[in-house]
Amino acid sequence: MLTLFISFCLGSLCAWAVGRDHGTFAGVVSGLGAMLVFQIIAGLILRSIINKRQMEIQNILADAQNRIQKQINLFQKRPPSSQNAARQALEKIQNDAARKALEATDIFKPYYIWNLMLKKQINTMKMQLLFQLGEYKKVDEILPKCFIVDHQSLAIKMTRMYRNNDAELDKFFNKRCAKTKGEARAFLAAVYAWMKLKQDEPQKALEALNNARKVSDLPVIVDNIEHIANGRYRHYSNSSLGDAWYALGLEEPKVKPQRQARNRMF
């Protein structure tokens, strides 16, 4: 917003100064040129600053992923007392990083007046971090102020609509999610189909998967189509989607209990 205001003032001043000595046409051209040059320069400077700030946040999250991987490697060498203890240790590292990243988004506030879209971009980042932290009330509050375009944001939006029993879920999926491409569409269709099965609407689930199959041949789509078509609803599974699926919190990962060797005395 401020960039537009300054460029307009600069352009008007340049147009007046040039037009006074060289005529109206020259003044208009000079004014438009001055506005364009200022917009380009200001945009490049702002983009450089924002990218640097975004990299700082990405480094926070990347560092957490490295620490998580190191912890997993340690667990492989020295198994924890229980699977639950291991999960809690990893979640703590991830959640601490998410909170730190969330606090770091405040560094963008001084730049909101320079870019109309920046606040929505940062809100989208904050929304995803809040969802990861399980602060769903805050997620619902900020969702209308976000860009809901990437498959992760679309999946989160659908999840909150499903949890809130929103009657607009079908409309949202058909209008926004079904228009995505490739594996993103397959992922969103698999998520939506799971929801429709839970709502006892297998035909809508099957329709979404069949449409997704036209653009993707992911096994999760093919297998689940077969399960629904044959009435094996309990066999429906999105587990092959991995962390992207479980991050939505709709299902808990199924961990097979490890058999402990019994000590035998001879």
Side-chain angles (χ1 to χ4, degrees), residues 1-67 94 96-133 135 138-157 175-177 179-185 188 244 247:
M1 180 66 75
L2 189 57
T3 306
L4 291 174
F5 176 74
I6 294 176
S7 67
F8 176 77
C9 292
L10 182 63
S12 299
L13 181 62
C14 186
W16 173 79
V18 174
R20 181 184 56 184
D21 298 327
H22 302 284
T24 303
F25 179 76
V28 171
V29 172
S30 298
L32 292 175
M35 290 176 65
L36 180 61
V37 170
F38 177 80
Q39 286 278 13
I40 292 174
I41 294 174
L44 290 173
I45 294 173
L46 186 61
R47 185 181 304 174
S48 176
I49 295 172
I50 291 172
N51 286 343
K52 183 179 179 180
R53 297 291 186 266
Q54 286 180 327
M55 187 59 65
E56 291 174 7
I57 294 177
Q58 291 301 321
N59 287 339
I60 292 172
L61 300 175
D63 179 64
Q65 289 303 315
N66 290 334
R67 286 188 288 128
Q94 191 173 44
D96 287 347
R99 292 192 186 282
K100 187 176 180 181
L102 196 58
E103 292 175 1
T105 59
D106 289 341
I107 61 178
F108 292 100
K109 286 182 178 180
Y111 306 106
Y112 289 165
I113 60 174
W114 295 94
N115 188 324
L116 290 172
M117 298 292 101
L118 180 59
K119 188 171 183 178
K120 267 200 168 185
Q121 293 174 6
I122 302 306
N123 281 342
T124 305
M125 184 189 303
K126 291 170 67 175
M127 177 270 293
Q128 293 173 352
L129 292 169
L130 287 167
F131 186 85
Q132 179 182 318
L133 291 167
E135 298 185 16
K138 292 181 180 180
V139 171
D140 292 341
E141 291 173 355
I142 201 174
L143 266 170
K145 306 171 186 176
C146 299
F147 284 123
I148 310 298
V149 290
D150 63 285
H151 75 279
Q152 183 182 11
S153 297
L154 288 166
I156 290 174
K157 174 68 174 178
K175 184 178 180 180
R176 301 288 301 277
C177 304
K179 294 181 180 180
T180 53
K181 306 293 183 181
E183 292 189 1
R185 181 172 175 180
L188 293 169

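In this structure, CD on E56 lies 12.0 Å from OG1 on T105, to the nearest 0.5 angstrom. In this structure, the separation between CD1 on I156 and CD on Q132 is 9.5 Å, given to the nearest 0.5 Å. Interatomic distance, OH of Y111 versus CD1 of I50, reported as 8.5 Å (0.5 Å rounding). Note that the CD atom of Q54 and the CE atom of M125 stand 5.0 Å from one another [nearest 0.5 Å]. Here the straight-line distance linking atom CZ of R99 with atom CD1 of I60 works out to 14.0 Å at 0.5 Å rounding. Between the OG1 atom of T180 and the CG atom of L188 there is a distance of 5.0 Å, given to the nearest 0.5 Å.
Side-chain contact between N123 and K119: present, with at least one pair of heavy atoms (C-beta onward) separated by less than 4.5 Å. Counting heavy atoms from C-beta on, the side chains of K52 and M55 never come closer than 4.5 Å. Residues M127 and I148 meet the side-chain proximity criterion, which asks for heavy atoms closer than 4.5 Å. I57 is not listed as a side-chain neighbour of R53, based on a closest heavy-atom distance of 4.5 Å or more. Annotation: side chain of L118 is not in contact with side chain of L46 (no heavy-atom distance under 4.5 Å).
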Could you go step by step and tell me if F108 and Q121 meet the side-chain contact (heavy atoms from CB on, under 4.5 Å) rule? CA-CA 10 Å; F108 292 100; Q121 293 174 6; over 6 Å; no

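Here side chain to side chain donor-acceptor pair (under 3.5 Å) pairs that include residues 138-155, with residues two or more places apart or in two chains, are Q128-S153, E135-K138, D140-R160, D140-N164, D150-S153.
S48 places no side-chain N or O within donor-acceptor distance of the main-chain N or O of I45, the cut-off being under 3.5 Å.
Applying the side-chain hydrogen bond (donor to acceptor under 3.5 Å, both in side chains) test to R67 and every residue at least two apart in sequence or in another chain returns D63. D96 is linked by a side-chain hydrogen bond (donor to acceptor under 3.5 Å, both in side chains) to K92, counting only residues two or more places apart in sequence or in another chain.
For the residue pair A101 and L61, the shortest heavy atom distance occurs at CB-CD2, 4.0 Å. Closest of all the heavy-atom pairs between V149 and L154 is O-CD1, 3.5 Å.
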